[in-house]
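Written below as structure tokens is the structure these notes are about.
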Amino acid sequence: MSEADFDIIVVGSGCAGAVAAYVAASAGKSVLVVERGNYAGAKNMTGGRIYSHSLKEVFPNFEEEAPLERKITHERMAVMDPASSMTIDFTSPELAREGADSYSVLRGPFDQWLAEKAEEAGAEYICGIAVEELIKDESGKVIGVRAGEDEITASVTIVAEGVNTLLCERSLGNARPKASQMAVGIKEVFELPAGVIEDRFLVPEGEGAAMLFVGDATHGKVGGGFMYTNKESISLGLVATISTAADGANETPVYQMLEDFKNHPAVAPIIRGAKMVEHSGHMVPEGGYHMVPQYVFDGALVAGEAAGLCMNMGYQVRGMDFAVASGRMAAEAAVEALDAGDTSAAGLAGYKRRMEDSFVIKDLATFAKWPHVMEEWDAMFNDYPVMVREVFNAMFCVDGQPQQHLSKRIMPIVKKQGLFKLARDMRGALKAL
Ligand SMILES: Cc1cc2nc3c(=O)[nH]c(=O)nc-3n(C[C@H](O)[C@H](O)[C@H](O)COP(=O)(O)OP(=O)(O)OC[C@H]3O[C@@H](n4cnc5c(N)ncnc54)[C@H](O)[C@@H]3O)c2cc1C
């Protein structure tokens with residue numbers, strides 16, 4: 001329709017970019033993907049598990065094709081202090097229900113599969129080169145990208161550069177996220193035979209578990225630990241706020257937190273004898289709804305984490321399903337605008353409409369207060385794990401001394417925290433969650 005080199009250029013081949021490229025190429029548009037990694041997934045990291053609903057919408061047979069690790073059928077949440085751990089363990093057939101199920105993935109193979117799907121649909125790829133700038137015409141409309149020596153033009157540019165929003169800041173004028181809205185994640189992958197993983201996590205053959213930890217995983221700072229079972233490995237890591245990571249007065253650097261987490265009595269037996277085969281670090285946007293920037297521009301759309309689309313609820317971490325859905329919606333809106341011959345911001349407004357009508361913006365809006373509640377909730381990471389340890393010790397330690405009724409053993413422990421404070425904290429959390 002235009003004299004541009006391509007109908008659509010996609011910057012970045014993570015979940016958002018590859019899906020956008022696949023959807024646009026499948027609709028018959030000429031698509032170029034520029035990925036700075038030497039291959040898709042080379043630089044990407046997740047915990048992690050993907051909730052499958054948005055993937056299924058794009059790839060109805062993904063279960064047969066995608067390099068999935070394990071279907072997650074066991075959910076565990078642990079509260080830990082330096083020496084104790086109390087875990088909630090949940091399993092139900094509903095966790096495996098089609099459309100509500102989730103899978104652990106490793107981003108190297110997973111992102112390469114997504115890129116292959118985009119290429120099979122007709123998208124062209126340039127890897128190993130970063131887009132440095134978006135180019136604009138005299139009216140300010142984005143008309144393509146500058147990557148190295150090359151200027152390549154397109155009617156629509158979809159920016160899916162992930163959490164490090166350098167292009168969006170430099171070329172689209174979006175604000176740099178605040179330090180309080182960002183966290184840093186570090187992760188290691190430990191190899192173990194499939195049967196050993198199943199025995200240690202008490203899961204049936206081929207199924208898997210997701211486990212989140214609050215408290216000592218981050219030495220009482222805001223954040224948490226995670227563990228996901230893959231086919232023949234375990235992904236283990238933690239997420240801490242940038243302010244914790246950058247605080248020179250913090251006596252435990254984040255890498256030491258990870259070492260201590262691995263040596264915690266609740267974690268060490270799970271990875272005993274396992275070989276560490278991968279270590280990675282990555283930022284995570286955690287500001288939620290309030291950090292979503294402008295994502296529709298003249299000639300350009302922003303998708304995935306570049307648009308701040310990520311949620312850490314403490315019991316759920318979601319970014320990939322948002323990235324997949326936003327990539328799909330960006331591509332659909334771009335195709336619609338190309339067909340209508342109007343790729344201005346007004347012509348591309350279908351993206352905003354789709355996003356606002358979908359779970360993406362609705363969920364972020366519903367839980368908009370949670371990041372702030374978590375940031376301010378010191379006791380959840382310090383005092384309450386100690387309280388949990390004392391309560392469960394009171395229940396389970398039998399030493400031959402005459403015992404009082406359970407309520408008499410437990411109430412003094414709970415009262416130490418202050419009943420009013422506890423009730424207020426619980427109410428605040430429940431209202432935000
Ligand atoms: C520790 C950790 C744990 C997480 N756990 C989970 C989880 O369990 N479940 C979940 O759903 N989400 C999780 N997330 C979040 C999830 O990983 C992200 O939300 C998701 O990967 C975002 O996808 P994206 O496509 O927007 O960005 P990315 O996957 O980061 O992809 C961006 C791509 O753009 C490329 N790129 C960047 N700049 C340029 C440029 N200038 N030119 C060319 N290419 C460029 C990058 O190389 C990359 O390939 C976790 C994140 C972290 C860090």
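Since this is a predicted model, take the numbers as computed values, not measurements. Keep in mind that the numbers below use all heavy atoms, side chains included, and drop hydrogens, waters and symmetry copies. Counting begins at 1 with the first residue of the sequence.
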Intermediate values then yes/no, salt bridge (Lys or Arg N to Asp or Glu O under 4.0 Å), Arg70 and Glu232: CA-CA 10 Å; Arg70 286 173 186 264; Glu232 295 193 318; over 6 Å; no
Where do Glu98 and Lys56 land on the salt bridge (Lys or Arg N to Asp or Glu O under 4.0 Å) test, with the steps shown first? CA-CA 9 Å; Glu98 197 175 326; Lys56 193 152 190 73; 3.1 Å; yes
Glu198 vs Lys231, test: salt bridge (Lys or Arg N to Asp or Glu O under 4.0 Å). Steps then yes/no. CA-CA 9 Å; Glu198 285 147 12; Lys231 272 185 185 141; over 6 Å; no
Start with the C-alpha gap between Asp260 and His219, add the side-chain angles, then the distance that decides, and say whether side chain to side chain donor-acceptor pair (under 3.5 Å) holds. CA-CA 9 Å; Asp260 295 345; His219 278 236; 2.8 Å; yes
Intermediate values then yes/no, side-chain contact (heavy atoms from CB on, under 4.5 Å), Asn263 and Val267: CA-CA 6 Å; Asn263 286 317; Val267 175; over 6 Å; no
For side-chain contact (heavy atoms from CB on, under 4.5 Å), just list the numbers for Ile9 and Thr153, CA-CA rounded to whole Å, side-chain angles, deciding distance to a tenth of an Å, and then say yes or no. CA-CA 8 Å; Ile9 291 178; Thr153 57; over 6 Å; no
Quick one, Tyr22 with Phe59, criterion ring-ring contact (aromatic ring centres under 6.0 Å, His included). Give me CA distance, side-chain angles, the key distance, then yes/no. CA-CA 10 Å; Tyr22 171 80; Phe59 306 107; 4.6 Å; yes
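Contact of the Phe261 side chain with the Ile186 side chain is not registered, since no non-hydrogen atoms from C-beta on lie closer than 4.5 Å. Put simply, the side chain of Val105 reaches to within 4.5 Å of the side chain of Thr46, judged on heavy atoms. Residues Val79 and Tyr384 form no side-chain contact, since every pair of their non-hydrogen atoms from C-beta on lies 4.5 Å or further apart. In this structure, the side chains of Met374 and Met313 stay at 4.5 Å or more apart for every pair of heavy atoms. Taking 4.5 Å as the limit, every side-chain heavy atom of Glu151 sits out of range of all side-chain heavy atoms of Asp5. Put simply, the side chain of Leu167 reaches to within 4.5 Å of the side chain of Val131, judged on heavy atoms. Contact check for Val214 versus Met80: no side-chain heavy atoms found under the 4.5 Å cut-off. When side chains are defined from C-beta on, Glu332 counts as touching Arg354, because their heavy atoms get closer than 4.5 Å.
Here the CD1-CD distance, from Ile361 to Glu356, works out to 6.5 Å after rounding to the nearest 0.5 Å. Rounding to the nearest 0.5 Å gives a distance of 12.0 Å between CG of Asp378 and CE of Met380. Distance check, rounded to the nearest 0.5 Å: CZ of Phe359 to NE2 of His53 gives 4.0 Å. Between the CG atom of Leu433 and the CD atom of Gln316 there is a distance of 9.5 Å, given to the nearest 0.5 Å. To the nearest 0.5 Å, atoms NZ (Lys221) and CG (Asn382) are separated by 7.5 Å. The distance from the CD atom of Glu94 to the OG1 atom of Thr73 is 12.5 Å, given to the nearest 0.5 Å.
When every heavy atom of Gly208 is checked against every heavy atom of Thr229, the shortest pair comes out as CA-OG1, 3.1 Å. In plain terms, the two heavy atoms of Ala179 and Ile242 that are nearest each other are O-CB, 3.8 Å. Between Leu238 and Phe226, the shortest heavy-atom contact is N-CE2, 3.5 Å. When all heavy atoms of Trp370 and Gly314 are compared, the closest pair comes out as NE1-N, 4.2 Å. Residue Leu106 comes nearest to Ser233 through the heavy atom pair CD1-OG, 4.2 Å, listed as atom of the first residue, atom of the second, then distance. Nearest heavy-atom pair, Pro285 versus Val163, reported as atom, atom and distance to 0.1 Å: CD-CG2, 3.6 Å.
Other residues, nucleotides and ligands contribute over 12 non-hydrogen atoms within 6.0 Å of the NZ atom of Lys136. Within 6.0 Å of atom OH in Tyr315, more than 12 heavy atoms from other residues, nucleotides or ligands are found, so the atom counts as buried in its surroundings.
If you check the side chains of Asp321 and Ser54, you find no donor sitting under 3.5 Å from an acceptor. Of the N and O atoms on the side chains of Ser235 and Asn230, at least one donor lies less than 3.5 Å from an acceptor on the other residue. A side-chain donor-acceptor contact under 3.5 Å links Ser84 and Asp81. Between the side chains of Asp89 and His74, no donor-acceptor pair is found at a separation under 3.5 Å. Using modelled atom types and a 3.5 Å distance limit, the side chains of Thr252 and Gln256 yield no donor-acceptor pair. Side chain to side chain, Ser52 and Asp101 meet the donor-acceptor criterion of an N or O pair below 3.5 Å.
Within the structure, side chain to side chain donor-acceptor pair (under 3.5 Å) contacts touching residues 286-306 (residues at least two apart or in different chains) are Glu286-Asn312.
Glu188 pairs by the salt bridge (Lys or Arg N to Asp or Glu O under 4.0 Å) definition with Lys262, not counting sequence neighbours. Glu124 is linked by a salt bridge (Lys or Arg N to Asp or Glu O under 4.0 Å) to nothing, counting only residues two or more places apart in sequence or in another chain. Every residue two or more places apart in sequence or in another chain was checked for a salt bridge (Lys or Arg N to Asp or Glu O under 4.0 Å) with Glu207, and none qualifies. Every residue was checked against the salt bridge (Lys or Arg N to Asp or Glu O under 4.0 Å) condition with Asp383, not counting sequence neighbours, and none meets it.
Here the side chain of Ser171 pairs a donor or acceptor atom with the backbone of Leu134 at under 3.5 angstrom. With Glu35 contributing its side chain and Ala40 its backbone, the two residues share no donor-acceptor pair below 3.5 Å. At least one donor-acceptor pair under 3.5 Å links the side chain of Lys71 to the backbone N or O of Ala96. A donor-acceptor distance shorter than 3.5 angstrom exists from the side chain of Ser30 to the backbone of Asp7, with no hydrogens or angles considered. One N or O on the side chain of Asp342 and one on the backbone of Ser344 form a donor-acceptor pair closer than 3.5 Å.
Annotation: cation-pi geometry satisfied between Arg318 and Phe322 (NZ/CZ under 6.0 angstrom from ring centroid, within 45° of ring axis).
Salt-bridge formation is not detected for the pair Glu132/Arg170: no Lys NZ or Arg NE/NH1/NH2 atom is positioned less than 4.0 Å from an Asp or Glu carboxylate oxygen. Between Arg49 and Glu69 there is no salt bridge, since no side-chain N of the basic residue sits under 4.0 Å from a carboxylate O of the acidic one.
Of the residues Val34, Val302, Val145, the one that meets the side chain to side chain contact (heavy atoms under 4.5 Å, CB included) test with Val11 is Val145.
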Please list every donor-acceptor pair under 3.5 Å in which a side-chain atom of residues 107-114 meets a protein atom from a residue at least two apart or in another chain.
| from | atom 1 | to | atom 2 | distance (Å) |
| --- | --- | --- | --- | --- |
| Arg107 | NE | Asp111 | OD1 | 2.7 |
| Arg107 | NE | Asp111 | OD2 | 3.3 |
| Arg107 | NH2 | Asp111 | OD1 | 3.4 |
| Arg107 | NH2 | Asp111 | OD2 | 2.9 |
| Asp111 | OD2 | Asn44 | ND2 | 2.7 |
| Gln112 | NE2 | Gly108 | O | 3.1 |
| Trp113 | NE1 | Glu65 | O | 3.4 |

